[in-house]
Protein chains: 2
Amino acid sequence: MQRSGTLHVRALPSGRIRRRTGRAEVSKRVRIEDVAAAANVSMKTVSRVLNHEPNVSAATRTRVEAAVEKLQYKPNPSARVLAGRRSYLIAMLYDNPSSNYLMEVELGILDACQSQHYNMMLAPLVYDAKDIVEKVEALVVQSRLDGVVLTPPITDDPALLERLDELDVPFASVSPMEAFRRIGVVVDEEKAVAEMIVHLAGLGHTRIAHIKGHPAHGASGWRLSGYREGLERAGLVFDDALVVDGEFSYDSGFAATNALLALASPPTAIFAANDDMAAGAICAICERGLSVPRDISVCGFDDTPIARHIYPTLTTVRQPTREMGRIAGQELLKAIRDRGAGGIVEVPYALQLRRSTGPAPA
Amino acid sequence: MQRSGTLHVRALPSGRIRRRTGRAEVSKRVRIEDVAAAANVSMKTVSRVLNHEPNVSAATRTRVEAAVEKLQYKPNPSARVLAGRRSYLIAMLYDNPSSNYLMEVELGILDACQSQHYNMMLAPLVYDAKDIVEKVEALVVQSRLDGVVLTPPITDDPALLERLDELDVPFASVSPMEAFRRIGVVVDEEKAVAEMIVHLAGLGHTRIAHIKGHPAHGASGWRLSGYREGLERAGLVFDDALVVDGEFSYDSGFAATNALLALASPPTAIFAANDDMAAGAICAICERGLSVPRDISVCGFDDTPIARHIYPTLTTVRQPTREMGRIAGQELLKAIRDRGAGGIVEVPYALQLRRSTGPAPA
DNA sequence: CTGTTAGCGCCTTCAC
DNA sequence: GTGAAGGCGCTAACAG
């Protein structure tokens, strides 16, 4: 932590002094002024670089960035907020307080925030609540949010989006439904699922069941469509009896599978709309003394850690959750700086073929 | 080095509010100066009243309070932080970026912050890094942290703790080792494990193996001690061959179990030092065509979500992770307010008996 | 493309 | 007991 040029030794408010090898050193905090001196530019130029503003040549930009890195400089958030007109604060809105999915998205957003020295806060919401629009408005106003990231299913509430527009608060959505796509990230889940179904058909399965996701989530729809499309592409007929309700929870997957196994002619493969339900399915199958994948193949969606940790390891679809959070954050930050900037980014999925799927029984 | 995120709602004073009509209405912000004018005193006197400082006569005090009330004045937190000596910001230091454990602790700390108008940021660290002390110092200085919460294994680095003391930065630890207990929360893990082992012995098991945790974590030591103590209490002999290395990961549990199963006389029960390793153990056992718990019982520690989602569901020890985060936060905030306050709080554990353990085979 | 000059709203020091 | 001046560290608005 040093700078070329004059060394300002200033008393810290708290007067922090540390001793080492008998010598007293003052650990001073680095200010924008120090970075400016180190990079041989004005404070304002440093500020511009920090805020990703235009009108800085590439050369000076890299020079400033180097100085920032070298000095480990971090802007003082209070000073920024006080001097500027922004709060440098965004929030992630969600309604499921503890899933791995959210954690990954959160880390991705944080990642995006880091480079621009933005802060993020978590805003748990109950999606069912009828006053959700008021809740969000209060949050936005009181916390002076510069923008928000929406996660499913909060992405698809028309009234909320409208209010956000009225408040002139930019928002980015993670996996919004088609009708609500403005700024955010999406994955072609339908295509992914279709591919998975075709893969199962290729293994000889002809009776492939589907456990649907929570009806309020757009993803449930896409995954169902992908299932139908996959069947069609594989030349299999769609059978109503093989499609059962679920709600993305382990328990619902367990129950749905029991229903499926009670059928006169049960399926030889099950595609659950997410990994948690697939785990529940595997449990239900095992409890009946059947074996996965010898008797029944099971696959899920999301590639959560559980997919690698259950027995047998789960065939599933990976979506790059953290990356998605990062992109949502980036696009949001763009839009905050410049209303009109930011857009929809599509990221790739990847089939993870593991041990829970295999050839259809003879 | 670290991504930072403020994860708490700050109540900023109300300012510009945009109307839906499209008309922008600016409600001018009340400043301390306005209050001073209204009460016919100086700004400083208002400040004194606001901060409950001495040297204000009762008369002026009530006069100022009246003005504050009348004008609905709310101090600007940014200005306050900028000018003052406290930042109202703490950080949670950790080195494992995505486990459920951390998420829970995080939520608990946030809970504690909420009530005291404190903010929290996340600071991922690489524990192996030799410059961890410098990294933390830079973080503390640059982010003006009022205090930090340490999570394992960062709780047990003597050099770091010493530097934190030198910097006069209070810290609270979650599950620190005995030698480093000053402020924080702990669980009697040793006792919990001993109880679990006695339970297994009660099911008829005599050859009970243990997969150790990561050597850098204090928890590994406690769990090993608990294992020994449990054996002793149950009247079983300790057998070196039944204790194998692990490092808290699924893969290490898998590998360790394969080693155990290759033994001339393999165990009939395995106590893994955490749930991830227990899941790996179950996988290894199943892959050999053996059954849990019929052939071998398995139990873990932590009660992560995976414990309820694998087949068979896992017997494990629950520690109240979120509550622990909350307490660590509370104790830290006490210490920030008053050096010398705050202490070690012990919280209870609970055995979760599920399907992965059963009677020893005949 | 880059720099200069004023504050942002509050707290601190040090006078009175 | 009270007050005046001077920052805290940064960005907005305007210069060049």
Side-chain angles (χ1 to χ4, degrees), chain A residues 3 8 10-16 28-37 39-64 67-68 71 73-89 116-119 144 146 336-337, chain B residues 10-16 26 28-37 39-64 68 71 73-89 141-144:
Chain A
R3 54 180 288 217
H8 283 238
R10 40 173 58 247
L12 291 168
S14 47
R16 289 171 185 157
K28 63 180 188 58
R29 52 179 69 138
V30 182
R31 296 155 308 162
I32 198 170
E33 193 184 330
D34 303 315
V35 179
N40 243 300
V41 294
S42 72
M43 281 169 54
K44 181 58 196 171
T45 298
V46 177
S47 172
R48 275 196 262 264
V49 172
L50 256 28
N51 293 302
H52 296 242
E53 283 171 31
N55 295 336
V56 182
S57 72
T60 35
R61 169 156 286 153
T62 40
R63 199 145 38 88
V64 170
V68 167
L71 300 180
Y73 170 72
K74 307 240 229 106
N76 181 323
S78 302
R80 296 221 300 174
V81 171
L82 186 58
R85 65 170 37 176
R86 298 187 279 175
S87 67
Y88 295 91
L89 212 212
Q116 321 231 0
H117 300 282
Y118 252 83
N119 292 127
R144 302 242 96 60
D146 284 347
I336 287 173
R337 191 169 317 113
Chain B
R10 322 180 216 191
L12 296 173
S14 54
R16 300 155 192 280
V26 178
K28 211 177 67 185
R29 207 167 258 175
V30 182
R31 294 158 309 165
I32 198 169
E33 194 183 327
D34 304 318
V35 179
N40 241 303
V41 293
S42 73
M43 283 168 51
K44 180 58 198 167
T45 298
V46 178
S47 170
R48 276 196 262 264
V49 172
L50 259 28
N51 295 299
H52 302 99
E53 284 172 30
N55 293 335
V56 182
S57 71
T60 38
R61 167 155 285 148
T62 40
R63 197 146 40 89
V64 170
V68 167
L71 298 179
Y73 170 72
K74 301 258 184 281
N76 180 325
S78 299
R80 201 181 214 169
V81 168
L82 184 59
R85 51 165 44 214
R86 299 223 305 223
S87 66
Y88 296 93
L89 212 215
V141 173
Q142 283 309 106
S143 298
R144 298 146 194 94

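A, B, ... follow the sequence lines: proteins, then strands. Residue 1 opens every chain.
- For the pair A:Ser42 and C:dT4, the criterion of a side-chain N or O lying under 4.0 Å from OP1 or OP2 is not met.
- Here the NZ-CZ distance, from A:Lys74 to B:Arg144, works out to 8.5 Å after rounding to the nearest 0.5 Å.
- Under the side-chain hydrogen bond (donor to acceptor under 3.5 Å, both in side chains) criterion, A:Arg337 pairs with A:Gln116, sequence neighbours left out.
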Practice problem: Using a 4.0 Å heavy-atom cut-off, write out nucleotides 5-12 of chain C from 5' to 3' as B (base contacted by protein), S (sugar-phosphate only) or - (no contact). | Solution: --BBBBBB
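- For C:dC1, the OP1/OP2 oxygens have no side-chain nitrogen or oxygen of A:Thr45 closer than 4.0 Å.
- The shortest side-chain heavy-atom distance between A:Arg80 and A:Ile32 does not fall under the 4.5 Å cut-off.
- When side chains are defined from C-beta on, B:Val81 does not count as touching B:Leu89, because their heavy atoms never get closer than 4.5 Å.
- Residues B:Arg48 and B:Val41 are not in side-chain contact: their nearest non-hydrogen atoms beyond the backbone lie 4.5 Å or more apart.
- The OH atom of B:Tyr88 sits 20 Å away from the P atom of D:dC8 (whole-angstrom rounding).
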